[in-house]
Chemist: 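Supplied in structure tokens, the structure appears directly below.
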Amino acid sequence: MTDSSHDATLPEGLHPQTLAVRQAIARSQYGEHSEALFLTSSYVQPDAATSARRFANEEPGYTYTRTSNPTVTSFEQRLAGLEGTQAAIGTATGMAAISLMVYGLLKSGDHIIASRSMFGSTIKLLGSELVRFGIETTFVSQTDLKEWQAAIRPGVTKLLFAETPTNPLTDVCDIRALADLAHNAGAWLAVDNSFLTPALQRAASFGADLVIHSGTKFLEGQGRVMAGAVCGSSALVQDKLVPFIRTAGFNLSPFNAWVVLKGMETLFVRMHEQSRNALLLAQWLQDHPKVARVYYPGLASHPQHALAMQQQGGFGGAVVSFDVQGQTPEQLRANAFAVIDHSRVISKTTNLGDTKTTIAHPATTSHGRLSEEQRQAAGVGQGLIRVSVGLEFPKDIQDDLERGFSLL
């Protein structure tokens, strides 16, 4: 949980692709080429006085892994370098990152504005759990700036929070416009960048104060561990979030940090190739007679396509969602289940961001704990299917989906 100061051996001005491979703490005296994994809960101090100063934050040094760990520091420095922020803090999961942001920055009586089409667990946390602590959330349209503006409560609204693209409908918000709105109201803007990662989108460069990650997804890339992070300025991360996490214990474990750290070395290659595969799949689905609608920012038919191409480096990302054809909710659900159940290559699992393509039914999984009213407000119907596209040969994924389509 330290600032993203570069390893002294690295020159300034390196490109993100290089930082994804090289940014880390300095090598130990052993000169290891791969970043070291420090599996220790505590650290031996040279003497009691030094220990006292380090525990009091009067001098740098590791004391206890719930406070900081060298492997976790490497992950934090690498991610902050990629996002272009001063600092980052690792957390146990993506939801832990959101919880840390909220509990570390807000208090009873504060107000949040958030997109109503966010990830189901995020909606549940903001809309239900936080109410018990006196923090209220107003949910608005992801893409309607007038709704965000109208929801602001002067002096009370402290945080605007959006995913872009959203999970699972891939709605894209104008980050710069929301940042201006937040700052004019004296609030912060937080952006969940889990879908795109800094390989495709750097939300801080458009004015976001905080960038949230579920490292479980594309950052790690192979579905092996749980991880999360919050990126931002030193004033927010170091001064506000670090003191809270030291007590609350939402910390990222060293082993998980190391796995994500190594996964990030292939981040740009994976994100670019998976995005190309996703575009091919989206184009195929768009022309399929059994598909009612496709949600993918890389398609010209997407309502925010032009904005997405500006913010996302010309890529649409690797997540494609689509509605199957059907009349009633019961028929739509049956048809969606048929497509999912008859796949033999695609993995039936709710995780996304894997090199293996995954498929899920959001209404009964990621958004299953929401009320029907909340699901409808989020646009998640019974016929919706979400596919996180991996690195398989694109035609094989198309053929796998066709097995189910042929039965409808």
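Worth saying up front: this structure is predicted, and the values here are computed from it rather than measured. Note that these values count all heavy atoms, side chains included, but never hydrogens, waters or copies made by symmetry.
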Chemist: Under the ring-ring contact (aromatic ring centres under 6.0 Å, His included) criterion, do H288 and F405 qualify, and how do the steps go?
Modeler: CA-CA 9 Å; H288 201 287; F405 284 141; 4.3 Å; yes
Chemist: Check the orientation of F244 and Y103. Use parallel for under 30°, tilted for 30 to 60°, and perpendicular for over 60°.
Modeler: parallel
Chemist: Using side-chain hydrogen bond (donor to acceptor under 3.5 Å, both in side chains), reason through Y43 and T65 one step at a time and then give a plain yes or no.
Modeler: CA-CA 8 Å; Y43 307 82; T65 285; 2.8 Å; yes
Chemist: So that I can tick it off, tell me whether R78 and E265 are bridged by a salt bridge, with the cut-off set at under 4.0 angstrom between side-chain N and carboxylate O.
Modeler: yes
Chemist: Any side-chain donor paired with an acceptor under 3.5 Å for Y295 and D171?
Modeler: no
Chemist: Cut-off 3.5 Å, side chains only: do T197 and H213 have a donor facing an acceptor?
Modeler: no
Chemist: Can you confirm whether E59 is buried at CD, in the sense that more than 12 heavy atoms of other residues, nucleotides or ligands lie under 6.0 Å from that atom?
Modeler: yes
Chemist: Does the pair E129/R132 count as a salt bridge with the N-to-O cut at 4.0 Å?
Modeler: yes
Chemist: Determine whether F218 and V319 make a side-chain contact, defined as any pair of heavy atoms from C-beta on separated by less than 4.5 Å.
Modeler: yes
Chemist: Below 4.5 Å, heavy atoms only, C-beta onward: do F195 and L352 meet side chain to side chain?
Modeler: yes
Chemist: Shortest non-hydrogen contact from E273 to L391?
Modeler: CG-CD2, 3.6 Å
Chemist: Ring of F119, cation from K217 - is the NZ or CZ under 6.0 Å from the centre and inside 45° of the axis?
Modeler: yes
Chemist: With rounding to the nearest 0.5 angstrom, report the CG to CZ distance, L281 to F322.
Modeler: 7.5 Å
Chemist: Decide yes or no for I112 and K158: does some side-chain heavy atom of the first lie under 4.5 Å from some side-chain heavy atom of the second?
Modeler: no
Chemist: Should V324 and V291 be marked as a side-chain contact (heavy atoms from CB on, under 4.5 Å) after you check the CA-CA gap, both sets of side-chain angles, and the distance that decides it?
Modeler: CA-CA 5 Å; V324 296; V291 174; 5.8 Å; no
Chemist: Do you know the tightest heavy-atom contact between I135 and K107?
Modeler: CG1-O, 3.5 Å
Chemist: How about V72 and N251: do any of their side-chain heavy atoms sit closer than 4.5 Å?
Modeler: no
Chemist: With no hydrogens and no angle check, do the side chains of T349 and N351 hold a donor and an acceptor under 3.5 Å apart?
Modeler: no
Chemist: Can we say E83 and R202 salt-bridge, meaning some charged N sits less than 4.0 Å from an Asp/Glu carboxylate O?
Modeler: no
Chemist: Nearest 0.5 angstrom please: D396 CG to T357 OG1, how far?
Modeler: 10.0 Å
Chemist: Would you name the heavy atoms of P198 and L219 that are closest together and state the gap between them?
Modeler: CD-CD2, 4.3 Å
Chemist: For K395, I'd like to know if atom NZ has over 12 heavy atoms of other residues, nucleotides or ligands within 6.0 Å.
Modeler: no
Chemist: Verify whether one side chain among N167 and R386 offers a donor that lies under 3.5 Å from an acceptor in the other.
Modeler: yes
Chemist: Using distance alone, with no hydrogens and no angle criterion, decide if K262 and S34 have a side-chain donor and acceptor under 3.5 Å apart.
Modeler: yes
Chemist: Determine whether more than 12 heavy atoms belonging to other residues, nucleotides or ligands lie under 6.0 Å from atom NZ of K240.
Modeler: no
Chemist: Pick from L100, D209, D110, L210: which one makes a side chain to side chain contact (heavy atoms under 4.5 Å, CB included) with L105?
Modeler: L210
Chemist: Quick one: closest heavy-atom pair of L10 and Q23, and the distance?
Modeler: CD1-CA, 4.1 Å
Chemist: Between H361 and F337, does the ring centre distance come in under 6.0 Å?
Modeler: yes
Chemist: Looking at E58 and R54, does any basic side-chain N land under 4.0 Å from a carboxylate oxygen?
Modeler: no
Chemist: Quick one: pull up CG in L82 and CG in L19 and give me the separation to the nearest 0.5 Å.
Modeler: 6.0 Å
Chemist: Do NZ/NE/NH1/NH2 and the carboxylate oxygens of R27 and E35 come within less than 4.0 Å?
Modeler: no
Chemist: Please tell me if the side chains of F206 and D174 come closer than 4.5 Å, counting only heavy atoms from C-beta onward.
Modeler: no
Chemist: For P16 versus F268, what's the shortest heavy-atom pair and its separation?
Modeler: CB-CZ, 3.5 Å
Chemist: Specify the closest pair of heavy atoms between I359 and S343, including all atoms of both residues, with the distance to one decimal.
Modeler: CG2-OG, 4.3 Å
Chemist: Name the one of E147, Q142, Q374 that satisfies side chain to side chain donor-acceptor pair (under 3.5 Å) with R116?
Modeler: E147
Chemist: Without hydrogens or angle criteria, can the side chains of T63 and Q45 be said to hold a donor-acceptor pair below 3.5 Å?
Modeler: no
Chemist: Could you tell me if Y62 and T73 have a donor-acceptor pair between their side chains, going purely by distance under 3.5 Å?
Modeler: yes
Chemist: Regarding E32 and S28, is there a side-chain donor-to-acceptor distance under 3.5 Å anywhere?
Modeler: yes
Chemist: How about NZ on K356, more than 12 heavy atoms from neighbouring residues, nucleotides or ligands closer than 6.0 Å, or not?
Modeler: no
Chemist: Charged N to carboxylate O below 4.0 Å: is that the case for R153 and E136?
Modeler: yes
Chemist: Ion pair present between E330 and R333, side-chain N to carboxylate O less than 4.0 angstrom?
Modeler: no
Chemist: Under 4.5 Å between any side-chain heavy atoms of L196 and P165, yes or no?
Modeler: yes
Chemist: Does the plane of the ring in F315 sit parallel, tilted or perpendicular to the ring in H272? Use 30° and 60° as the thresholds.
Modeler: parallel
